[in-house]
Participant: 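The structure is given below, and queries will be raised subsequently.
Residue numbers begin at 1 in each chain, while the letters A, B, ... track the order of the sequences.
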Protein chains: 2
Amino acid sequence: MMTEDEPVVFVIDDDASVCKSLMRLLRSFGYEARAFHSAEHFLEQVPFQGTGCIILDVRMPGIGGMALQDKLGKTEDSLPVIFITGHGDIPMSVQAMKKGATDFLPKPFEDGQLIDAVVKAVEKSRQIRMSCNELNNLRMRLDRLTPREREVLPYIIAGLLNKQIAFKLNIAEKTIKVHRAHIMEKLGVGSVAELVRLAEKANIEPYDQRS
Amino acid sequence: MMTEDEPVVFVIDDDASVCKSLMRLLRSFGYEARAFHSAEHFLEQVPFQGTGCIILDVRMPGIGGMALQDKLGKTEDSLPVIFITGHGDIPMSVQAMKKGATDFLPKPFEDGQLIDAVVKAVEKSRQIRMSCNELNNLRMRLDRLTPREREVLPYIIAGLLNKQIAFKLNIAEKTIKVHRAHIMEKLGVGSVAELVRLAEKANIEPYDQRS
DNA sequence: CTCCGTATTGGACTAAAGTCCAATAGCAAT
DNA sequence: ATTGCTATTGGACTTTAGTCCAATACGGAG
């Protein structure tokens, strides 16, 4: 399915010497590394789809590290962020961690600390990506449902009988059976139990009877 | 069901004056507050079941704040922790946040900061408690199943037919029907769909056909 | 206009599940 | 030994669900 899945580490720091030494370090540990000397340059890049992580300097001209984290956090399949900084304080680090950073390293730091953080961040990225792929697969299959089938689905996963659904939608019970069969086939499941689990993953709310 | 659910804030700090002023502050905001001047004293207390949070000094004689957090983290229904400290650094705050602290405030801090943190922590505690209650409810109902019924359940939520389950267990299909009915009744669900959702919440793995 | 997908319905039939009823055997506690 | 819970089975019956088959109506694309 995928050709390769080499993790990529993005280094964003306005200090060229920091970039350079980080690149060398990361490459010596077998990572593909790419440097950007500002948040703006990083954002110009085409959205990255693979696994990896971002090493981000807090203080930079223009868009700062924290602001960039906010921007990236809005896209769902974002890469884990490791902060590095020369002039950080506790409130700053706490805020970054609250927003989901995987680590926050004050300069100077040991090579080993940085690599440890990168290993963990990349691992996290892999997991995010896997569950994201699963979800996309699911959504693609769900897109193949007709409007009517999408309408019937919440009733089915709520456990209503065909007869009850038919009454709700004012159509024949037979028709519900057909929709049901189509849904099961399109989503590739062999039982209502599997269907329910699928729908849970895709966050499809079952029809609530108390309404 | 519950009589009251007044949130309780536990303050653990070896500095008596800090305890005192925090107690006054918290009470002025309507919280019930209890002070402990060491981690050991706090641990002597009977396990607390209600909602609330813990305000914890990092540096204390004997068991330190971070060590106490580790101890508390092992019990599932633990209270959210807010750290306060006079001599903290970034790595310390990052580690605390990684371990799930809701906040980390260096002294001196504003009253408002502390209260904000407490409000959020208590809110989090409420949510933890609610989902924990739900889980306990579920487990109690699951405990009422007989061994045989527990054995049949994974097959049902995997979507197998009664006939197939009967073959697997080498018993009559009829018997499976009876078990199925008993399970549904004991767990208080009216359809397989609900049963599957319940089992998901309780982390019951469906029987895997590929084995 | 014709073709195709969608939504809808119908009949006949099979298979599965649920609902009454009642019964037996093992096993542990009283 | 009696009681009660668990696991097991049986028959008869009703309700649902799924599976063949085929058909009509509508709207958009070619």
Participant: Can you figure out which of C/dT8, C/dG18, C/dT6 approaches the side chain of A/Pro147 most closely?
Facilitator: C/dT6
Participant: Rounded at 0.5 Å granularity, tell me how far CG in A/Asn137 sits from CZ in A/Arg141.
Facilitator: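 A/Asn137 CG to A/Arg141 CZ: 6.0 Å, rounded to 0.5 Å.
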Participant: Between which nucleotides of DNA chain D, read 5' to 3', does contact with chain A run, using atoms under 4.0 Å from its heavy atoms?
Facilitator: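 Reading along DNA chain D, I get D/dT16 to D/dG18.
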Participant: Check the distance between C/dG18's C1' and B/Glu185's CD and give it to me in whole angstrom.
Facilitator: 14 Å
Participant: For A/Lys177 and C/dT14, what is the distance between atoms NZ and C1' respectively, to the nearest whole Å?
Facilitator: 11 Å
Participant: Does CZ belonging to B/Arg150 count more than 12 external heavy atoms closer than 6.0 Å?
Facilitator: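 Yes, CZ of B/Arg150 has more than 12 neighbouring heavy atoms, counting only those of other groups under 6.0 Å.
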Participant: Less than 4.5 Å apart, any side-chain heavy atom of A/Val118 and any of A/Tyr31?
Facilitator: yes
Participant: Could I get the full list of side-chain hydrogen bond (donor to acceptor under 3.5 Å, both in side chains) partners for A/Asp103, not counting sequence neighbours?
Facilitator: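 Testing A/Asp103 for side-chain hydrogen bond (donor to acceptor under 3.5 Å, both in side chains), a comparison that skips the adjacent residues, returns B/Lys98.
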Participant: Is there a side-chain contact between A/Ile55 and A/Val81 (heavy atoms, below 4.5 Å)?
Facilitator: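 Side chain of A/Ile55 against side chain of A/Val81, heavy atoms only: no contact under 4.5 Å found.
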Participant: Write down the distance between NE2 (B/His182) and P (C/dT19), rounded to a whole number of angstrom.
Facilitator: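 Computing the B/His182:NE2 to C/dT19:P distance gives 11 Å.
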Participant: Separation of A/His179 atom NE2 from C/dG5 atom P, in whole Å?
Facilitator: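 Computing the A/His179:NE2 to C/dG5:P distance gives 17 Å.
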Participant: With rounding to the nearest 0.5 Å, note down the distance linking CG in B/Leu160 to OG in A/Ser191.
Facilitator: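 Result: 8.0 Å between the selected atoms.
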Participant: Which whole-number value in Å describes the distance from A/Arg180 CZ to C/dA16 P?
Facilitator: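 Interatomic distance, CZ of A/Arg180 to P of C/dA16: 16 Å.
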Participant: Could you work out how much the helix from C/dC1-D/dG30 to C/dT30-D/dA1 bends, comparing the axis of its first five pairs with that of its last five, to 10°?
Facilitator: 40°
Participant: Which listed nucleotide (C/dA16, C/dT6, C/dA12) is nearest to the side chain of A/Thr146?
Facilitator: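 So the side chain of A/Thr146 is nearest to C/dT6.
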Participant: Between B/Phe104 and B/Phe83, how do the two ring planes meet: parallel, tilted or perpendicular, split at 30° and 60°?
Facilitator: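 If you compare the ring of B/Phe104 with that of B/Phe83, the planes turn out tilted.
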Participant: Give the rounded distance in Å between these two atoms: CG of B/Asn162 and P of C/dA17.
Facilitator: 4 Å
Participant: How close or far is atom C1' of C/dA17 from atom CD1 of B/Ile156, stated in whole angstroms?
Facilitator: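 Value for this atom pair: 11 Å.
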Participant: Rounded to whole Å, how long is the line connecting atom NZ of B/Lys163 with atom P of C/dA17?
Facilitator: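 Value for this atom pair: 9 Å.
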Participant: Should we count NZ of A/Lys120 as having more than 12 external heavy atoms under 6.0 Å?
Facilitator: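 At most 12 heavy atoms, drawn from other residues, nucleotides or ligands, come within 6.0 Å of this atom.
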Participant: Hey, which sits more toward the 5' end of DNA chain D by its nearest nucleotide, A/Ala181 or B/Ile171?
Facilitator: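 Final value for this comparison: B/Ile171.
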Participant: Within the structure provided, determine whether A/Asp116 and A/Gln113 are in side-chain contact (heavy-atom separation under 4.5 Å).
Facilitator: no
